[in-house]
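What follows is a single structure, written as structure tokens, with notes after it.
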Amino acid sequence: MSAYAVVQTGGKQYKVAVGDVVKVEKLEGEPGTEHTFPAVLHVDGGKVTSDADALAKVSVTGKVVEQTKGPKIRIHKFKNKTGYHKRQGHRQKLTRIEVTGISK
């Protein structure tokens with residue numbers, strides 16, 4: 001069983017291991033920029049670390065692969081018998097991160 005960690009960014013948590021590529025909410029930086037994420041949970045083989053003092057020493061590093069956008073979401077608001085229609089679209093800005101290391 002390999003080591004992995006759970007990190008939090010953009011209000012969401014992601015389970016990551018070294019070599020994984022994950023899409024997270026937009027982070028500033030050009031491709032190749034390094035980012036460090038604090039760990040919420042760390043698992044190394046059968047050893048699980050969830051203590052806050054021990055997790056302060058654990059950090060996950062990753063580099064930006066690309067800046068991209070998510071799928072288009074279509075919003076349609078409608079009120080009956082009034083002729084009210086409102087159409088709107090949204091594409092969330094995302095960043096692809098490749099996890100390069102988990103340090104203890």
Side-chain angles (χ1 to χ4, degrees):
M1 187 172 182
S2 64
Y4 67 88
V6 176
V7 297
Q8 182 171 355
T9 179
K12 298 175 182 70
Q13 294 181 353
Y14 302 92
K15 177 184 171 186
V16 297
V18 176
D20 286 354
V21 177
V22 292
K23 287 183 181 177
V24 299
E25 288 198 20
K26 185 170 182 355
L27 297 171
E28 295 299 322
E30 297 296 318
T33 305
E34 290 283 328
H35 280 281
T36 305
F37 305 99
V40 178
L41 178 78
H42 180 250
V43 178
D44 189 6
K47 183 181 174 195
V48 178
T49 306
S50 61
D51 181 43
D53 294 333
L55 286 174
K57 300 172 190 168
V58 177
S59 66
V60 177
T61 57
K63 69 174 184 175
V64 175
V65 176
E66 71 173 335
Q67 302 287 356
T68 184
K69 289 184 179 180
K72 182 154 189 156
I73 297 171
R74 290 178 176 84
I75 300 125
H76 181 228
K77 295 181 180 180
F78 170 78
K79 289 191 179 177
N80 196 16
K81 300 179 184 174
T82 62
Y84 174 78
H85 289 271
K86 182 178 180 184
R87 291 179 188 86
Q88 188 177 1
H90 175 75
R91 288 187 72 185
Q92 183 67 37
K93 293 182 179 178
L94 302 172
T95 303
R96 288 183 60 214
I97 299 284
E98 180 182 1
V99 179
T100 56
I102 300 174
S103 64
K104 295 182 232 178

Would you kindly confirm whether Phe37 and Tyr4 end up in one hydrophobic cluster when ILVMFWY residues are joined by side chain heavy atoms under 4.5 Å apart?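 Unlinked, Phe37 and Tyr4 end up in two clusters.
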Is there a path of hydrophobic side-chain contacts, each under 4.5 Å between heavy atoms of I/L/V/M/F/W/Y residues, joining Ile75 to Phe78?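 Phe78 and Ile75: separate clusters.
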Identify every side-chain donor-acceptor pair in residues 58-65 under 3.5 Å, counting partners at least two apart or on other chains, and give the distances.
| residue | atom | partner | partner atom | Å |
| --- | --- | --- | --- | --- |
| Ser59 | OG | Ser103 | OG | 2.9 |
| Thr61 | OG1 | Thr100 | OG1 | 3.1 |
| Thr61 | OG1 | Gly101 | N | 3.4 |
| Thr61 | OG1 | Gly101 | O | 3.4 |

Quick one: does Asp44's side chain get under 4.5 Å of Lys104's, heavy atoms only?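 In short, these two side chains touch, coming nearer than 4.5 Å.
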Pairs touching residues 29-40 that satisfy salt bridge (charged side-chain N to carboxylate O under 4.0 Å, His left out), sequence neighbours left out: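 Listed by first then second residue: nothing to list.
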Show every salt bridge (charged side-chain N to carboxylate O under 4.0 Å, His left out) that has at least one partner inside residues 67-94, sequence neighbours left out.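 The answer is none; no pair qualifies.
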Tell me, please, which residues at least two apart from Glu66 pass salt bridge (charged side-chain N to carboxylate O under 4.0 Å, His left out).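 Glu66: salt bridge (charged side-chain N to carboxylate O under 4.0 Å, His left out) contacts with Arg96.
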Give me the ring orientation class for His85 and His76: parallel if the planes are under 30° apart, tilted from 30 to 60°, perpendicular past 60°.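 Parallel.
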Which pair of heavy atoms, one from Ala54 and one from Thr49, lies closest together, and at what distance?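 That would be CB-CG2, 3.6 Å.
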Using 0.5 Å steps for rounding, measure from the CD atom of Gln13 to the CG atom of Leu41.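 Separation between the atoms: 9.0 Å.
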Donor-acceptor list for residues 16-29 side chains, cut-off 3.5 Å, not counting sequence neighbours:
| residue | atom | partner | partner atom | Å |
| --- | --- | --- | --- | --- |
| Asp20 | OD2 | Ala17 | N | 2.9 |
| Glu25 | OE2 | Lys12 | NZ | 2.4 |

If the condition is side-chain hydrogen bond (donor to acceptor under 3.5 Å, both in side chains), which residues does Glu98 pass it with, not counting sequence neighbours?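 Testing Glu98 for side-chain hydrogen bond (donor to acceptor under 3.5 Å, both in side chains), a comparison that skips the adjacent residues, returns none.
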